[in-house]
**Student:** 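First the structure, which I've put down as structure tokens, then a few questions once you've had a look.
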Protein chains: 2
Amino acid sequence: MTSTASSRIPQEERTRLMRARLLDATVECLVERGFSGTSTTLVSERAGVSRGAQLHHFPTKNDLVVAAVEHLTEVRGAELAAAARRLPRGDRRTRAVVRMLGDHFSSPVFTAALELWVAARSDPALMAAVEPLEQRVGRETHRLTVELLGADESVPGVRELVQATLDLVRGLGLANTLTDDTRRRGRILDQWARTLDTALDGALHATLQETT
Amino acid sequence: MTSTASSRIPQEERTRLMRARLLDATVECLVERGFSGTSTTLVSERAGVSRGAQLHHFPTKNDLVVAAVEHLTEVRGAELAAAARRLPRGDRRTRAVVRMLGDHFSSPVFTAALELWVAARSDPALMAAVEPLEQRVGRETHRLTVELLGADESVPGVRELVQATLDLVRGLGLANTLTDDTRRRGRILDQWARTLDTALDGALHATLQETT
DNA sequence: CAACAAACAGTCAAGCCTGACTTTTAATTC
DNA sequence: GAATTAAAAGTCAGGCTTGACTGTTTGTTG
């Protein structure tokens, strides 16, 4: 054993940690400086990782950013799942669900994702990485929302209302990047929750009347 | 008169035309290449305007882009007003209104605006130009939507429903920049139009019951 | 314990974008 | 019709970003 106690960290673990630090720093830079303001130099400095080390793990900026997209996807999924677990049961469930979604789509991870979407729009290589991941996230979020709302998608119109809810929070998230919008968002989503509740009930009753 | 018939264009008009060509080219570049892909050189080439002429009108990139923001604001307003005038009267009004809004927020002008919003997020000078204009557009669009829907904002909840409609189309517009989304958008907005109609009625009835 | 491989660190040249400068062209005014 | 002034055209240097290259440290294997 030539190694001292402090250097007992296995190589594999070191690699994982180094990459994680770089990817976290990348996401931070995306939020603070935007995509084009995120230079690889800045990321390496921010992560406290040498330029050489960075280029060892991610040879080009694209490699770094694509990995950041994947990393961010995982973070978004985890955050959403965690928030979902904290939701109260019973009454006012719908309100809590849409508020949670609204908050999630107004968080820094959304901002970072937004930067990547917009950048991908004019960068085919990035788009190739972003698109499939985004579709997966979209489907998962939809599934989760349906589950949390206890909605019945076999009823006509319900699927569209859930999608509308997600597109709404996406729009609110976008508005939130320009000016802090928390209060306005709260009011809108409260009203949305009420409307959604009666609409989901209404759709159900309409279907029941048709079938009976 | 030394000038020939073809050079009879007054200086003032020439200037106006030259600026318009540059600003249109800027918006086109924003849509096709994104904000950071929009170099001043590219814009001058695209506009068929020499670099010197460009720098005469807009000394810095920021000057050009800020002017493009203002220009785009006008274009957006005009497009929306024109689309509003084409709307059918009478039945299915709500459906037509939300579809029109959905289309507008999925058009190239929205894409260009999106690029500017995201860029402004990490550029204070640009933000200073974008924010006030965006607020004005937001207010105008809201007012127009209320008018087109014939909604009564004195009824509680109605204002929020209109805002939600606008944030929804914003979210749909954002989704549309990643993948063409026309069909999905149509279904969602049709359902939302139905829901909005009953919700607006519902809000009205609820208020009537409270007051009687 | 020694040899080998992988990770890490730092430097630097090439390429691109911006905006300053100079020259040329066109319009206006006396 | 000539002088004056504004607009347009072209050129180029400075600054920034990227990623290629070389040297050093750390972990692994025989």
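Naming convention: chains lettered A, B, ... in sequence-line order (proteins, then strands); numbering from 1 in each chain. Side chains are part of it too, since the values below use all heavy atoms of this structure and drop only hydrogens, waters and symmetry mates.
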**Student:** Can you list the residues that meet the salt bridge (Lys or Arg N to Asp or Glu O under 4.0 Å) rule with E70(B), with sequence neighbours excluded?
**Tutor:**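 Here no residue qualifies.
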**Student:** Which residues pass the salt bridge (Lys or Arg N to Asp or Glu O under 4.0 Å) test with R121(A), not counting sequence neighbours?
**Tutor:**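 Per chain and number, R121(A) pairs via salt bridge (Lys or Arg N to Asp or Glu O under 4.0 Å) with E115(B).
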**Student:** Show every salt bridge (charged side-chain N to carboxylate O under 4.0 Å, His left out) that has at least one partner inside residues 164-178 of chain B, sequence neighbours left out.
**Tutor:**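 Every pair satisfying salt bridge (charged side-chain N to carboxylate O under 4.0 Å, His left out) with a residue in residues 164-178 of chain B: R184(A)-D167(B), D167(B)-R170(B).
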**Student:** Can you name the residues that form a side chain to side chain contact (heavy atoms under 4.5 Å, CB included) with E28(B), not counting sequence neighbours?
**Tutor:**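 Partners of E28(B) under the side chain to side chain contact (heavy atoms under 4.5 Å, CB included) test: R46(B).
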**Student:** Identify, with sequence neighbours excluded, every residue that meets side-chain hydrogen bond (donor to acceptor under 3.5 Å, both in side chains) alongside N176(B).
**Tutor:**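 Scan of N176(B) (side-chain hydrogen bond (donor to acceptor under 3.5 Å, both in side chains), adjacent residues dropped) gives R185(B).
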**Student:** For A20(B), enumerate each residue passing the side chain to side chain contact (heavy atoms under 4.5 Å, CB included) test, keeping only those at least two apart in sequence or located in another chain.
**Tutor:**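 Expected list: none.
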**Student:** Expected output is a numbered-order residue list: members of residues 34-55 of chain B with a heavy atom under 4.0 Å from any atom of DNA chain C. What is it?
**Tutor:**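 Correct list: S39(B), T40(B), T41(B), R51(B), L55(B).
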**Student:** Looking at residues at least two apart in the chain, or sitting in another chain, which of them share a side-chain hydrogen bond (donor to acceptor under 3.5 Å, both in side chains) with T145(A)?
**Tutor:**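 Expected list: none.
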**Student:** Without decimals, in angstroms, what is the distance between L17(B) CG and dA6(D) P?
**Tutor:**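 So the CG-P distance, L17(B) to dA6(D), works out to 21 Å.
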**Student:** Which salt bridge (charged side-chain N to carboxylate O under 4.0 Å, His left out) pairs, counting each pair once, include a residue from residues 123-136 of chain A, with sequence neighbours left out?
**Tutor:**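 Only R76(A)-E134(A) qualify under salt bridge (charged side-chain N to carboxylate O under 4.0 Å, His left out).
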**Student:** Could you identify which residues of residues 61-71 of chain A place a heavy atom less than 4.0 Å from some atom of DNA chain D, listed by residue number, or say none?
**Tutor:**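 The answer is K61(A).
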**Student:** How would you list, by chain and number, every residue that makes a salt bridge (Lys or Arg N to Asp or Glu O under 4.0 Å) with R21(A), sequence neighbours excluded?
**Tutor:**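 Result, salt bridge (Lys or Arg N to Asp or Glu O under 4.0 Å) vs R21(A): none returned.
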**Student:** What residues in residues 111-124 of chain A put a non-hydrogen atom under 4.0 Å from any atom of DNA chain D?
**Tutor:**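 Those residues whose heavy atoms fall under 4.0 Å from DNA chain D, taken from residues 111-124 of chain A, amount to none.
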